[in-house]
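Worksheet for the structure shown next.
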Amino acid sequence: MRAVAQRVSEASVVVDGETVGEIVGPGLCVLVGVTHGDTAEKAAQLARKLWSLRILPGEKSCSDVGGPLLVISQFTLYGDARKGRRPTWNAAAPGDVAEPLVDAVCAELRALGAHVETGRFGADMKVSLTNDGPFTVVVDL
């Protein structure tokens with residue numbers, strides 16, 4: 001699994017003109033990609049890492065301050081543009097594999113006590129955020 005975690009002061013995701021997820025920080029906007037071979041155990045590990053990642057102001061984590069997370073599925077995190085001009089998506093898991101694992105990340109975060117908002121899997125989403133810092137970290141498991 002791969003995640004891009006951005007420290008935000010606010011973030012939202014809109015689908016078909018409707019806001020489906022929105023947070024006010026400090027918190028994290030997290031793009032999550034799933035590849036072949038990822039498991040529910042990796043999803044739980046990623047959730048624990050995101051919840052305890054000390055990138056909020058004062059080297060705090062979401063768990064320290066009760067920071068919210070906006071989690072958005074992003075298959076393009078596994079795009080490969082090394083050859084030619086058109087990326088390939090071969091390393092991205094298909095939707096029927098990826099969706100339950102992204103849901104598992106969210107469920108584990110909630111079980112840890114996090115306030116989690118989400119996008120809508122497979123939808124054309126418009127994501128807006130104010131990156132605080134800017135501060136962005138890539139987490140690969």
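What you see is a predicted model; the values in this text were computed from it and never measured.
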Where is the tightest heavy-atom contact between [X] and [Y], given as atom of each residue plus distance?
X: Gly95; Y: Pro100; result: O-CD, 4.1 Å
X: Ala11; Y: Cys29; result: CB-CB, 4.1 Å
X: Ile23; Y: Leu70; result: CD1-N, 3.7 Å
X: Pro68; Y: Pro26; result: CD-O, 3.3 Å
X: Leu56; Y: Cys62; result: CD1-N, 3.6 Å
X: Leu50; Y: Ala3; result: CD2-CB, 4.4 Å

Same apolar cluster (I L V M F W Y, side chains within < 4.5 Å links), [X]/[Y]:
X: Leu141; Y: Val137; result: yes
X: Val8; Y: Ile72; result: yes
X: Leu101; Y: Leu112; result: yes
X: Trp89; Y: Leu31; result: no
X: Val71; Y: Val13; result: no

- Message: When you measure from the side chain of Arg7 to the backbone of Ile55, do you find a donor-acceptor pair of N or O atoms at a distance under 3.5 Å?
- Response: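 Checking the backbone N and O of Ile55 against the side chain of Arg7, a donor-acceptor pair under 3.5 Å is found.
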- Message: Before you tell me yes or no, could you show the steps for Asn131 and Thr136 under side-chain contact (heavy atoms from CB on, under 4.5 Å), namely the whole-Å CA-CA distance, both residues' side-chain angles and the distance that decides it to 0.1 Å?
- Response: CA-CA 8 Å; Asn131 191 322; Thr136 302; 3.0 Å; yes
Answer whether the closest heavy-atom distance between the side chains of [X] and [Y] falls below 4.5 Å.
X: Leu69; Y: Leu109; value: yes
X: Leu46; Y: Lys42; value: no
X: Val34; Y: Phe75; value: no
X: Pro94; Y: His36; value: yes
X: Thr19; Y: Val14; value: yes
X: Asp132; Y: Pro57; value: yes
X: Val138; Y: Val4; value: yes
X: Asp64; Y: Arg54; value: yes

- Message: Under the rule for salt bridge (charged side-chain N to carboxylate O under 4.0 Å, His left out), what residues qualify as partners of Glu41, not counting sequence neighbours?
- Response: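 Partners of Glu41 by the salt bridge (charged side-chain N to carboxylate O under 4.0 Å, His left out) criterion come out as none, since no residue qualifies.
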- Query: Which residues pass the salt bridge (charged side-chain N to carboxylate O under 4.0 Å, His left out) test with Asp16, sequence neighbours left out?
  - Reply: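 None.
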- Message: Nearest 0.5 Å, please: how far is OG in Ser128 from CD in Glu22?
- Response: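 Interatomic distance, Glu22 CD to Ser128 OG, rounded to 0.5 Å: 9.5 Å.
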- Query: Have Thr35 and Asp38 got a donor and an acceptor in their side chains that come within less than 3.5 Å?
  - Reply: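 Result is no, nothing qualifies.
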- Single hit among Val105, Asp140, Thr39 for side-chain contact (heavy atoms from CB on, under 4.5 Å) with Met1: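 Between Met1 and the candidates, side-chain contact (heavy atoms from CB on, under 4.5 Å) is satisfied uniquely by Val105.
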- Task: Not counting sequence neighbours, list each pair that qualifies as a salt bridge (charged side-chain N to carboxylate O under 4.0 Å, His left out) and has a residue in residues 90-119.
- Result: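 Checked against salt bridge (charged side-chain N to carboxylate O under 4.0 Å, His left out) - neighbours excluded - no pair reaches residues 90-119.
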